[in-house]
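The block underneath contains the structure these notes are about, expressed in structure tokens.
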Amino acid sequence: RWWERGGASETEWCGAKWSRVGSPHYVASTSWNVAEHPLKFVEVEIDLPTERGLLQTFHLLMDYRLYYGIYFLPALCYCVGGLMGALSGIVSVHFPDFQGTHIWCGFSFGLAFVSHFVSACVAFSIGNNILGYKALGFATTASILSGVCLYQGWWFLPIVFLAGIQAIASWTAISLWLWHSPLGGGFSFAGLYIFTFAVGVTSMRVFSIWKSRHLLKHDQDMYDNLWAKLLEG
């Protein structure tokens with residue numbers, strides 16, 4: 001059990017010093033540093049055989065179904081959905097029947113949810129629980145955003161706010177599990193973006209309402225004074 005000693009890179013075992021160079025369990029690195037290793041090894045307990053002369057091989061190559069289902073296809077859906085959502089605002093001016101931005105965004109989030117959820121099922125079926133739980137967390141966020149885009153209402157911003165909290169909380173829980181630190185696996189920038197979007201739009205709405213009331217207050221005072229004079233006459 002390599003990680004019994006707190007995840008240190010150096011340890012002693014059987015009278016010899018050992019340096020950690022890898023792990024059978026890993027996730028894809030999300031670092032922007034191209035010089036960094038593309039795999040990020042996790043700090044969970046590992047049972048290795050102790051029989052003399054036994055060779056156990058681990059392939060540090062992610063299953064192609066998980067790679068495309070977790071990292072490639074959802075990102076492609078988000079890009080296409082965002083592009084079509086932006087274009088729909090322009091096209092709908094001349095073609096009113098063209099679907100609006102919320103439809104394209106909801107559709108892209110829905111496809112991303114399917115990709116993440118199927119990947120989670122595949123990961124659990126082949127025994128890769130780490131990527132399974134990771135994909136399941138992504139699928140939960142995508143499903144919330146898909147539903148809130150397709151079925152709009154007064155609760156749009158509160159649900160988006162909760163989706164951002166859920167994304168940050170789920171990734172923090174995974175980081176605590178895999179790296180024993182809330183920031184061991186990095187920060188959920190997707191969750192931060194969703195949370196910032198909800199807070200920013202809410203703040204602008206509150207400011208706009210306050211500014212509108214301030215502008216109308218002078219007109220309301222003039223109307224009240226005029227009405228009072230009419231009543232006196």
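Looking at heavy atoms from C-beta onward, L66 lies in side-chain contact with N128 at the 4.5 angstrom threshold. With a 4.5 Å cut-off on side-chain heavy atoms, T101 and W104 do not count as touching. Inter-residue side-chain proximity for Y78 and F109 is flagged as met; some heavy-atom pair is nearer than 4.5 Å.
In terms of heavy atoms, G81 sits closest to S108 at CA-CB, 3.6 Å. Between V160 and A198, the shortest heavy-atom distance links the atoms CG1-CB, 3.9 Å. Of all heavy-atom pairs between L111 and C77, the closest is CB-SG, 3.6 Å. The two residues S188 and A167 make their nearest non-hydrogen contact at OG-O, 3.7 Å. Closest approach of S175 to P182, counting heavy atoms only: CB-O, 3.6 Å. Nearest heavy-atom pair across A120 and G132 is CB-O, 3.6 Å.
Taking the salt bridge (Lys or Arg N to Asp or Glu O under 4.0 Å) definition, one finds that K211 meets it with nothing, sequence neighbours left out.
Criterion: ILVMFWY side-chain heavy atoms under 4.5 Å apart, direct or through other members. Under it, L216 and L226 are not part of a common hydrophobic cluster. There is no path of hydrophobic side-chain contacts, each under 4.5 Å, that joins V206 to V199. Using a 4.5 Å cut-off between side-chain heavy atoms of Ile, Leu, Val, Met, Phe, Trp and Tyr, with links allowed through other members, L73 and L131 fall into the same hydrophobic cluster. Both I130 and I126 belong to a common hydrophobic cluster when Ile, Leu, Val, Met, Phe, Trp and Tyr are linked at side-chain heavy-atom distances under 4.5 angstrom. A chain of hydrophobic side-chain contacts below 4.5 Å, direct or via other Ile, Leu, Val, Met, Phe, Trp or Tyr residues, connects V80 to V114.
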Item to check | Audit row: I174, W171, side chain to side chain contact (heavy atoms under 4.5 Å, CB included) steps and yes/no | outcome: CA-CA 5 Å; I174 291 177; W171 183 247; 4.0 Å; yes
Checklist entry - Can you list the steps and then say if L157 with F161 is a side chain to side chain contact (heavy atoms under 4.5 Å, CB included)? => result CA-CA 6 Å; L157 286 176; F161 176 82; over 6 Å; no
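Interatomic distance, R65 CZ to C121 SG, rounded to the nearest 0.5 Å: 12.0 Å. In this structure, OG1 on T202 lies 15.0 Å from CZ on F207, to the nearest 0.5 angstrom. Atom CG of L136 is separated from atom CG of N129 by 11.0 Å, given to the nearest 0.5 angstrom. To the nearest 0.5 Å, atoms OH (Y151) and NE2 (H102) are separated by 11.0 Å. Atoms CG and CZ, on L192 and F197 in that order, are 14.0 Å from each other to the nearest 0.5 Å. Summarising the geometry, atom CD1 belonging to I144 is positioned 12.0 Å from atom SG belonging to C149; distances are rounded to the nearest 0.5 Å.
In this pair, F72 and Y68 present their aromatic rings perpendicular. The plane angle is above 60°, beyond the 30 to 60° band. Using the six-membered ring where Trp is involved, W210 and H214 have ring planes that are parallel, under 30° apart on the 30 and 60° scheme.
More than 12 heavy atoms of other shown residues, nucleotides or ligands fall within 6.0 angstrom of atom CZ in F156. Heavy atoms of other residues, nucleotides or ligands lying less than 6.0 angstrom from CZ of F124 number more than 12.
Remark: the backbone N or O of A163 is not paired with any side-chain donor or acceptor of T141 at under 3.5 angstrom. Looking at S88, its side chain does come within 3.5 Å of a backbone N or O of G85 through a donor-acceptor pair. Counting only distance, with no hydrogens or angles, the side chain of S146 and the backbone of S143 share no donor-acceptor pair below 3.5 Å.
The distance between the ring centers of F138 and F113 does not fall below 6.0 angstrom.
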